[in-house]
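Nothing fancy with the numbering, it's 1 onward along the sequence. Atom set for the values below is all heavy atoms of this structure, side chains included, hydrogens, waters and symmetry mates excluded. What you see is a predicted model, and the numbers here were worked out from it, not measured in a lab.
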Amino acid sequence: MYSYRIYNQLKKYAKADKSFHVPGHKGLGEFAKKFPIARLDITELSYSDNLFCPNGVIASAQRDIAKILGAKRSFILTDGSTCGVLSMLYVLKKHGGKVIIPRNCHTSVWNACRLFNIEPLIASGKTVNGVLLPPEPKIIENILNSEKDVAGMVALSPDYYGNTAPLAEYKQILQKHKKLLFVDEAHGAHLAFERVNGAYAGVYADIWVDGAHKSLPTLTQGAVISVNNAKLIAELEEALSIFRTTSPSYPVMASVEYGIKYTANNLQLTESAKTAVKAFKDNAHGLDFYPADDWTKLVWDLKPLGICADKAYSALENRGIYAELSDGRYVIFYLSPQTTADGLKTLYSEINDVLSSENLAGTYEERAVLPENERACGYLQATESERELVPLKWAKGRVCAVNAGLTPPCIPVICAGEIVSDSAICALANAKNTFGLTDGRAWVVK
C-alpha cells in the first residue's frame, strides 16, 4: 500500500503552522470556514518541500508516482495538462522545426506550435459516425517520408469520444525514422492501471502527460508528466522550470499524488466501475452508444432517436444530471473509477424520464463537429499574417488566421491556414461555448 506523503505531511503541520507566510487567507476566519482546505493551502516551507527543486516529501512522492506509472521520472503539475503539453513541445523544438499532430488535438498543442514557431504537420484520420478517428499509421509514415526537419509526433490518446490511437504502430514507425513520440494522454490517466489493453501511453511514449484530475480522484488542474527517454530528462526539467507556476497549489499537488496512489491501492474500484458500465450498456435497451475504446467515455448517440443532443443535454440538467458535453449528436458522460452501479442506475432512470416526458422527437439536425476545410497555407504563415475581424457569417471563403473551436472539448473547428467553410460556420454558430472568436466574429487573413 502506498502512503500519501504530501497530504500526510500537510496534515501533520497544519495545526502547528501559525502562518506568517503567504497565502493571505492565513487559514483563518470566515475564509477557512467556507474553504476547509485552507489549512493545507501553504507555500514552500521547511516541512513542505519545493516543487521546483524537491528534495523532501515532494521528491519522494514523485519517485513513488514514477514507479506506479512505469516511468523513469514523473513530475507533478498543478497547472493542468496544458503545462505538460507546453513543456513537451518546448522539448520537441530542440529536435526539429516540425511536428506531426492529429487534426483534433487540444488547443494547447496548437498554441505551443505558435509560441515556439513549430510548423504542425496535420494528420487526419477518417470520420466515422460523425467522429474523427486517430490518423492511420500509414499517414504518419507518408509524412515522415516526404517532410524534413520533423522532430516527431504528439499523439492524442484517448480523445473525448474514447478513441485510442494505435500507439504501438506509431512508435514502430517513429523509431524507424529516429523520431520522438510524445502523447497527450490528458483523458487517460486511468489507463496506467489497465496496461493489459495496450492503450497506456507509458508503454510507448518518450514523454507523456496524464490529466489526473479528469479521471482520477484529484482536484482540478492536477496532472503529471512522465518521461521514459533518459536523454530527454534534462530538457524536460528545463521546460518545466519555465512553464510551471512558482506558486504551486499544495492541495492540488497533494491530490495528484493521492489520486494516483488511491487508484493503485484500490484497483478493484476500476474493475467494479468497468463492470458496471458494461452492464449499463448491455441493459440500456433502446439506447445507442458510440463504440468507444475507453470505458470512461459513455457517449450516447441521439441520432437514431431523431433527437437533438443539445435538447436532451438540457433536459437532463433540469433533472440534476450534468453531462460533460453535447455536440448536437452525442451527449458524453465522463466516468471514472469512482463511478458506481447505483449512479449509473440513476442515470438510466433519468434518461428514460427525459425520453418519455420531453417532446424531443424530430429535433435532430445533422451537423459536423469537425468539418473538412480546405487548407490555403501553412499554420504559421496564417498566424503571422496581417489579420482582421469579420462577422462569422462573412468569413466564408476567407483564410482563417486564428484557430476557432468548441470548448469543451477545446479542439478547433477551423484551423489557421484553412478556408472557412459553411459547415465550420454552422458548427461555431450553434455552439454554446467557443474559443478563438471575438464577440462572435472571426479572425481572417487580411
Side-chain angles (χ1 to χ4, degrees), residues 1-14 16-17 21 23 37-81 83-84 87 185-186 188-193 195 200-202 207-228 230 232-234 236-241 243-267 269-270 336-338:
M1 295 288 286
Y2 293 96
S3 62
Y4 309 121
R5 297 179 187 274
I6 300 174
Y7 174 79
N8 290 341
Q9 189 79 342
L10 297 179
K11 288 287 288 184
K12 178 180 178 181
Y13 285 90
D17 187 342
H21 54 76
I37 203 169
R39 294 298 299 173
L40 306 185
D41 183 30
I42 59 164
T43 189
E44 293 85 358
L45 302 167
S46 59
Y47 68 83
S48 60
D49 205 1
N50 188 317
L51 186 60
F52 264 69
C53 51
N55 55 25
V57 65
I58 296 174
S60 298
Q62 290 188 148
R63 284 194 294 269
D64 291 345
I65 290 171
K67 181 179 179 181
I68 293 170
L69 300 184
K72 283 187 169 62
R73 293 283 300 277
S74 289
F75 303 88
I76 293 172
L77 306 175
T78 63
D79 323 88
S81 299
C83 175
S87 298
E185 195 180 51
H190 56 285
L191 295 177
F193 310 96
R195 300 182 198 186
Y200 176 48
I207 299 178
W208 70 102
V209 178
D210 287 311
H213 73 95
K214 293 183 182 296
S215 59
L216 300 180
T218 293
L219 292 173
T220 297
Q221 288 189 223
V224 62
I225 187 168
S226 301
V227 56
N228 260 339
L232 302 178
I233 292 175
L236 180 58
E237 288 180 320
E238 177 189 354
L240 291 172
S241 72
F243 299 110
R244 283 197 300 199
T245 177
T246 56
S247 299
S249 164
Y250 272 80
V252 171
M253 199 188 312
S255 77
V256 172
E257 181 195 14
Y258 177 88
I260 291 170
K261 289 183 173 180
Y262 180 83
T263 307
N265 288 338
N266 299 276
L267 294 175
L269 291 178
T270 297
S336 83
Q338 309 305 303

Within the structure provided, determine whether [X] and [Y] are in side-chain contact (heavy-atom separation under 4.5 Å).
X    : Y    : result
S74  : K67  : no
Y2   : E257 : no
Y258 : L216 : no
D17  : L45  : yes
F243 : D79  : no

Are the side chain of [X] and the backbone of [Y] linked by a donor-acceptor contact shorter than 3.5 Å?
X    : Y    : answer
T245 : S247 : yes
D49  : V57  : yes
Q221 : T78  : yes
N228 : G202 : yes

What distance separates [X] [atom1] from [Y] [atom2], expressed to the nearest 0.5 Å?
X    : Y    : atom1 : atom2 : value
K11  : I6   : NZ    : CD1   : 15.5 Å
I37  : S255 : CD1   : OG    : 7.5 Å
Y250 : L51  : OH    : CG    : 7.5 Å
S87  : I207 : OG    : CD1   : 8.5 Å
H21  : S48  : NE2   : OG    : 8.0 Å
M253 : Q62  : CE    : CD    : 8.5 Å

For the student: nearest non-hydrogen atoms of [X] and [Y], plus distance:
X    : Y    : value
Y200 : L69  : OH-O, 2.7 Å
G211 : A223 : CA-CB, 4.1 Å
L40  : Y7   : CD1-CE1, 3.8 Å
I76  : R244 : O-NH1, 2.9 Å
H190 : S215 : ND1-OG, 2.9 Å
V256 : L77  : CG2-O, 4.0 Å

Original post:
Around Y4, counting heavy atoms of other residues, nucleotides and ligands shown, do more than 12 lie under 6.0 Å from its OH?
Top reply: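 Atom OH in Y4 is packed in, count exceeds 12.
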Original post:
Would I58 and N50 satisfy side-chain contact (heavy atoms from CB on, under 4.5 Å), going step by step from the backbone distance to the final call?
Top reply: CA-CA 7 Å; I58 296 174; N50 188 317; 5.8 Å; no
Original post:
Between Y13 and Y47, does the ring centre distance come in under 6.0 Å?
Top reply: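 Ring centroids of Y13 and Y47 are less than 6.0 Å from each other.
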